[in-house]
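Below, chain A is the first sequence line, B the second, and so on; all start at residue 1.
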Amino acid sequence: MSPDTAIAAAPAQVEIFAPETPRGRIRTFIRRHPSIVLGGALLVTMIVIAITAPLLSSVDPQALAPARRVRHPSAEYWFGTDMLGRDVYTRVIYGTRVSLIVGFAVAVLSSLLGLVVGLVSGFIRMADGVIMRIMDGLMSIPPILLAIALMAATRGSVQNVIIAITIAEIPRVSRLVRSVVLSLREQPFVEAAIAAGTTTPRIILRHILPNTLAPLTVQATYICASAMIIEAILSFIGAGTPPIIPSWGNIMAEGRALWQVAPYIVFFPALFLSLTVLAVNLLGDGLRDALDPRLAKRI
Amino acid sequence: MTAPPAARTDRPLLEVKDLKKHFPIRTGFFAGISGYVYAVDGVSFAIRRGETLSLVGESGCGKSTVGRTVLRLLEPTAGEVWLDGQRIDDIPLRRLRPLRRRMQVVFQDPFSSLNPRLKVREILAEPITNFGLASSASELDDRIADLMDKVRLPRDAVNRYPHEFSGGQRQRIGIARALAPGADLIICDEAVSALDVSVKAQIVNLLSDLQDELGLSLLFISHDLAIVEHITHRVAVMYLGKIVEIADKRTLFAAPKHPYTEALLSAVPVPDPTTRRNRIILTGDVPSPIRPPSGCRFHTRCPHAFDRCKVEEPALRTVAPGQVAACHLHDPAAQPVARAA
């Protein structure tokens, strides 16, 4: 019956497990979250490729060589050359930069803006109806069409691509944040904080925000993947990154005409795009499982 | 810490007068309010210093809504709430904030009532810093250590996260948080209902000990009459948004006056299989609080109901010293009705 003895015994249980070595901890992490490790490793590789692009190839991605047009992949031209004689390998390597910049920038920007919109509409009931109807309106337009329309209204540049895709992605984030906020507001720990005299700004900062970060992080990875695909589509149809910048969508668009004679021009950027999107999605799936508090309770 | 256990004045610590909370029902986006849920519909009671009042009744009768409305987690529709002689139901929330120090709450679910991302230290420090009760970091640490002692948890557990504790231990943390600002009144909203029987007993005993030690007043909201009988001084029985009977524990358990109280008490299990019990089985369901029955709200299920019950709502009247009940059977003005006992 005595509660004191029961509780005094509890801390001892923790020490039953042998103290973990750092190496053992890494091994456990890999075993438990293989998709985070695999996705993270792939993504880190892509980031390294993007940063070290000038070291990985000594050729200028824009250098024209009409004499060496449409060479098949060989020891000299790993991924072959395109119709203007440009080295496809070099262009694909440099294209990694555009994709990653657009993916990360859109993920970060739309998460931050969506977080603000979601918090406002979750906390200010008066604004909720209006904000959510606007978001519903934006969501009713397919993101790719919305991005095309926004690109048509502006000049093609990487910056405008990022802005266009961000606008298209904000409604998804703000809906997620709003729904998390609404369910958190009803949680007893939030009510206890109100009863304990905590002010509303502090409740948002201490109790609401930290508990939205896990689902938001997962959502951000999916948005990153979808932003990379939309960027490639926009570039492919000529509404995205300007043709002078090598991006995977641009390379594929230029190789489209030669698909039957030189399929590798399309194949290699497509392979890189697929691998990068796969990496980000694997990371997102892994994070979702790892951050889910119900699953995370496993010792 | 503050108030001595004995009552210094006759003034009750908490007084609730004719409290009402009606929730509007909206059917569509453009449609207006199509009706109300009369969750709490005219509830009055008072709690003295150092006293425990239990609010009992079946699920959906509005007992939790009473607790949340008293705390102003919900805004009351009508009625008055007085805390130690000060009316708190109509003052702006900004002015209520300093008064919140005096009344705290312990919730039912020990898991969702603690923020999973804060350490125990941060959870307990929040009310203390909100009300500026510690002038330095070391004073804050002392207070937190003192709270851990009060709820019989090891002091070094303050650096852990809530998920590292069991349900009973988490409920102790919840109690420590309620004690942190030095509250006089703690509203326990089904505070032990989610716990195992043995842990339940520990927490109930802890609450009684704390009450003796600190002179706390408790509003103990529960549906478990066995626990209520153990901890309480007085009992208020609620049915469909109204209090039907309030009495001292001994009086109520020995001689309930309202038929609903009788039925509730007859449903408490007796740990003796040989006892023959006179169980009163109520038929039918609880009527909807959207359209409560006319007259006495209990008349649709009451075994003693007669014509007057369908048209006239019975008022709470004193039926014995320290016992009030709202039932026409106990109206001395009316003709005496022979009760089938």
Practice task
With salt bridge (charged side-chain N to carboxylate O under 4.0 Å, His left out) as the test, would you mind laying out the steps for Glu191(A) and Arg68(B) before giving the verdict?
Solution key: CA-CA 9 Å; Glu191(A) 298 205 308; Arg68(B) 291 154 52 95; 2.6 Å; yes
Fill in the blank from the handout: Checked Leu71(B), Leu206(B), Val199(B), Leu118(B) vs chain A; the most non-hydrogen pairs under 4.5 Å come from Leu118(B)
Handout entry: Option that, when pairs with chain A are counted at under 4.5 Å, heavy atom only, ranks first among Arg177(B), Met103(B), Glu164(B), Gln108(B)
Key = Arg177(B)
Problem - Interface residue of largest heavy-atom contact number with chain A, from Gly174(B), Ser113(B), Pro127(B), Ser166(B), under 4.5 Å - result: Ser113(B)
Exercise for the section: Write out all pairs satisfying side chain to side chain donor-acceptor pair (under 3.5 Å) with one or both partners inside residues 88-97 of chain B, taking only residues at least two apart or from two chains. Expected result: Arg87(B)-Asp89(B)
Practice task
Name the region of Arg72(B), side chain, backbone, both or neither, that has any atom closer than 4.5 Å to a heavy atom of chain A.
Solution key: neither
Practice task
Could you tell me which residues satisfy ring pair (Phe, Tyr, Trp, His ring centres under 6.0 Å) with Tyr161(B), sequence neighbours excluded, listed by chain and number?
Solution key: none
Exercise for the section: Evaluate whether atom CZ of Phe23(B) has more than 12 neighbouring non-hydrogen atoms of other residues, nucleotides or ligands under 6.0 angstrom away. Expected result: yes
Fill in the blank from the handout: Here the pair of heavy atoms bringing Ala195(A) nearest to Val105(B) is CB-CG1, 3.9 Å
Practice task
Pick one of side chain, backbone, both or neither for Asp109(B), based on which atoms fall under 4.5 Å of a heavy atom in chain A.
Solution key: neither
Handout entry: Residues Arg206(A), Glu122(B): salt bridge by 4.0 Å N-O rule
Key = no
Fill in the blank from the handout: Nearest heavy-atom contact between Ser112(B) and Gln187(A) is CB-OE1, 3.2 Å
Fill in the blank from the handout: Separation between CD1 (Ile123(B)) and NE2 (His207(A)), nearest 0.5 Å, reads 8.5 Å
Practice task
Supply the atom-to-atom distance Asn115(B) CG to Ile203(A) CD1, rounded to the nearest 0.5 angstrom.
Solution key: 11.0 Å
Handout entry: Expected output: side-chain Arg117(B) to main-chain Pro210(A) donor-acceptor under 3.5 Å
Key = yes
Problem - Pro116(B) versus Asn211(A), closest heavy-atom pair with distance - result: CG-OD1, 3.6 Å
Fill in the blank from the handout: Heavy-atom closest pair (Arg100(B) atom, Ile194(A) atom, distance to 0.1 Å) is CD-O, 3.1 Å
